[in-house]
Amino acid sequence: MTANIAALLLQHYVDNFRTLPWRSAPGAAAPDPYRVWLSEIMLQQTTVATVVPRFERFVQRWPDVAALAAAPAEAVMGEWAGLGYYARARNLIACAREVVKRGGFPDNSAALRDLPGIGRYTAAAIAAIAFGEDSAPVDTNVERVIARLNAVAGSRRVDIERRFLALAPAGRAGDFAQAMMDLGATICRPRAPKCNQCPLASGCAAYATGAAEAFPTRKRRPFRPQKYGTAWWIERGGRLWLTRRPSTGLLGGMAALPGGEWSAVKASSPAAIGHIQHIFTHFVLELTIERCEEPVGEGWWHPIDRLDEAGLPTVYRRAAKLALAAPEQSTAASFAAA
DNA sequence: AATTCGGGGGC
DNA sequence: GCCCCAGAATT
């Protein structure tokens, strides 16, 4: 049955694989390790649909790891703006420079694991896809597919890795992993799985129970507390005063509107331009935008008609859009905000 | 083992 | 509104 599952899944993959810009066709020569690495970092907790256009822009700007390693950090952070989880971009820069220093990407998961931003999953994925190693890239897709095949609520990571390696044909871990990911994204979905289209249904214990969706068990997101903050809108001669956030923590290293700390207490702001509500992973921010005349702290002037090139993360992009839409502003039309 | 990291899309 | 997404690093 094990060999049967692998054969069925790989054949389904050959017939239905998603063509993606970092991928090579099943059985074809391995793709460029740089592109595999970049895609895996971008895809961490981020959907394929979101990543594809961002990946294309990124590799057009920096086609190889040497070009990326030579780029200014601020340029890379700006290119990452809107993708979220900005530690990924900080680690991406550090990793690129380390790889160039070493003369290329390590070709095995153990060595890849030592690079910044490359964890257990990503190391295994790069090794399997770009270097043909029989490693076990266990992401949430693989975890879900294997949980359903065995009708178990959940398992420890190492046990899922063992299951994966027991299923994957030698030398084909890369295609097999991507086959599982495609299956997980299109058929063996978290909700409303399309078991009637699944090539593995006949060997699936969860399908046999008649309630495949119940596996694996999921956890509820904890309550999100409310926080409040202020951002300053400082405009002069068609330019806006921007600053850079500290290199660690939330939005670390990103361009931003200047402003104070965020707290659980809402401060009064009689002359505010307005405010936005922005949802982060573990809290909700109400950001008040206030006009201010003099520059605050360290920063730089950025042309307001090119604010979309400022590398602002989404919360500040939204704040800027609000300010530019405010009645007393005349520059609104020039900013193509998202 | 829990938390801290963003943001967007689907229902 | 809630859930989910090719997770990693830190505590």
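Protein chains get the first letters and strands the later ones, always in sequence-line order, with residue 1 at the start of each. All heavy atoms count here, side chains included; hydrogens, waters and symmetry mates do not. It should be emphasised that the depicted structure is a prediction, and the values quoted were computed from it without experimental measurement.
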Name the nucleic acid region contacted by A/Thr46, choosing base, sugar-phosphate or nothing; use a 4.0 angstrom heavy-atom cut-off, strictly under. base

Regarding the side chain of A/Thr281, the nearest nucleotide among C/dC3, B/dC5, C/dA6 is B/dC5

Walk me through whether A/Glu213 and A/Arg218 qualify under salt bridge (Lys or Arg N to Asp or Glu O under 4.0 Å). CA-CA 10 Å; A/Glu213 185 174 343; A/Arg218 2 199 210 278; 3.5 Å; yes

Quick one, A/Tyr316 with A/Arg245, criterion side chain to side chain contact (heavy atoms under 4.5 Å, CB included). Give me CA distance, side-chain angles, the key distance, then yes/no. CA-CA 12 Å; A/Tyr316 292 115; A/Arg245 293 179 60 87; 3.1 Å; yes

Any side-chain donor paired with an acceptor under 3.5 Å for A/Gln44 and A/Tyr121? no

Pick the nucleotide of DNA chain C nearest each of A/Arg220 and A/Gly117; which residue has the one closer to the 5' end? A/Arg220

From the candidates C/dA6, B/dG6, B/dG8, the one with an atom nearest any side-chain atom of A/Arg88 is B/dG6

Length of the line joining A/Ile146:CD1 and C/dA6:P, which is rounded to integer Å: 16 Å

Residues from residues 119-134 of chain A sitting under 4.0 Å of DNA chain C, heavy atoms only? A/Gly119, A/Arg120, A/Tyr121, A/Thr122

Using a heavy-atom cut-off of 4.0 Å across all strands, would you classify A/Ile279 as base, sugar-phosphate, or nothing? nothing

OH/A/Tyr207: more than 12 non-hydrogen atoms of other groups inside 6.0 Å: no

From B/dG8, C/dA6, B/dG6, pick the nucleotide closest to the side chain of A/Leu43? C/dA6

Looking at every strand, decide which applies to A/Trp22 at a 4.0 Å heavy-atom threshold: base, sugar-phosphate, or nothing. base

Whole Å only: how far is the CH2 atom of A/Trp37 from the P atom of C/dA8? 14 Å

Do we count A/Phe280 as stacking onto B/dC5 if the rule is ring centres under 5.5 Å and planes under 30°? no

Nearest-Å distance for atom pair CE/P, residues A/Met181 and C/dC4: 19 Å

Over 12 foreign heavy atoms within 6.0 Å of CD, A/Glu298: no

Carboxylate-amine/guanidinium proximity below 4.0 Å for A/Arg236 and A/Glu293: no

So A/Pro137, base contact, sugar-phosphate only, or nothing? Heavy-atom distance under 4.0 Å. nothing

Quick one: A/Leu312 CG to B/dG6 C1', roughly how many Å, whole number? 15 Å

When you check the side-chain N and O atoms of A/Arg318 and A/His278, is any donor under 3.5 Å from an acceptor? yes

Between B/dC5 and C/dA6, how far is it from one P atom to the other, in whole Å? 23 Å

Flag the pair A/Trp22 / A/Phe55 as yes when their ring centroid distance falls below 6.0 Å, and as no otherwise. yes

Should A/Leu200 and A/Ile187 be marked as a side chain to side chain contact (heavy atoms under 4.5 Å, CB included) after you check the CA-CA gap, both sets of side-chain angles, and the distance that decides it? CA-CA 10 Å; A/Leu200 307 183; A/Ile187 292 175; over 6 Å; no

Any side-chain donor near an acceptor of the partner, A/Arg18 and A/Tyr13, under 3.5 Å: no

Scan the side chains in residues 96-110 of chain A for donor-acceptor partners under 3.5 Å anywhere in the protein, sequence neighbours excluded, and list what turns up.
unit_1: A/Arg97; atom_1: NE; unit_2: A/Ala69; atom_2: O; d: 3.1
unit_1: A/Arg97; atom_1: NH2; unit_2: A/Ala71; atom_2: O; d: 2.8
unit_1: A/Glu98; atom_1: OE2; unit_2: A/Arg102; atom_2: NE; d: 3.0
unit_1: A/Asn108; atom_1: OD1; unit_2: A/Ala110; atom_2: N; d: 3.3
unit_1: A/Asn108; atom_1: OD1; unit_2: A/Ala111; atom_2: N; d: 2.9
unit_1: A/Ser109; atom_1: OG; unit_2: A/Glu133; atom_2: OE2; d: 2.5

Checking A/Arg88 against A/Asn91: is there a side-chain donor and acceptor pair closer than 3.5 Å? no

Below the 4.0 Å mark, does C/dG7 have OP1 or OP2 next to a side-chain nitrogen or oxygen of A/Thr140? yes

In whole angstroms, the gap separating P of B/dT3 from CZ of A/Phe223 amounts to 15 Å

Reckon A/His282 has a side-chain N or O less than 4.0 Å from the OP1 or OP2 of B/dC5? yes

Checking all strands, does A/Arg18 fall into the base, sugar-phosphate, or nothing category for heavy-atom contacts under 4.0 angstrom? base

For residues 247-255 of chain A, which residues have at least one heavy atom under 4.0 Å from DNA chain B? A/Gly249, A/Leu250, A/Leu251

Compare all side-chain heavy atoms of A/Leu287 with those of A/Tyr228 and state whether any distance is below 4.5 angstrom. no

Pairing of DNA chain B as dot-bracket, 5' to 3': ( ) intra-strand, [ ] crossing, | other strand, . unpaired, with Watson-Crick or G-U pairs under 3.5 Å? |||||.|||||

Side-chain touch A/Cys188/A/Arg148, heavy atoms, less than 4.5 angstrom: yes

Length of the line joining A/Glu161:CD and C/dA6:P, which is rounded to integer Å: 18 Å

Which atoms of nucleotides 9-11 of chain B (N or O only) lie under 3.5 Å from a protein N or O atom, and what are those distances?
none

Per-pair distances, 0.1 Å, donor-acceptor, side chain in residues 172-181 of chain A, under 3.5 Å, sequence neighbours excluded:
unit_1: A/Arg172; atom_1: NH2; unit_2: A/Asp175; atom_2: OD2; d: 2.9
unit_1: A/Asp175; atom_1: OD2; unit_2: A/Gly27; atom_2: N; d: 3.0
unit_1: A/Gln178; atom_1: OE1; unit_2: A/Arg23; atom_2: NE; d: 2.9
unit_1: A/Gln178; atom_1: NE2; unit_2: A/Gly174; atom_2: O; d: 3.3

For A/Gly184, answer base if it contacts any base atom (sugar-phosphate contacts may also be present), sugar-phosphate if it contacts only those atoms, and nothing otherwise; contact means non-hydrogen atoms under 4.0 Å. nothing

Base, sugar-phosphate, or nothing: which does A/Arg54 touch, judged by heavy atoms less than 4.0 Å apart? nothing

Counting just side-chain N and O atoms, does A/Arg113 come under 4.0 Å of either OP1 or OP2 of C/dA9? yes

From CD of A/Gln44 across to C1' of B/dG8 the rounded distance in Å is 17 Å

Interatomic distance at P, B/dG6 relative to C/dT10, whole Å: 14 Å

For B/dG7, does OP1 or OP2 lie under 4.0 Å from any side-chain N or O of A/Tyr86? yes

Whole-Å distance separating the NE2 atom of A/His278 from the C1' atom of B/dG8: 10 Å

A/Glu286 bridged to A/Lys227 by N-O distance under 4.0 Å: no

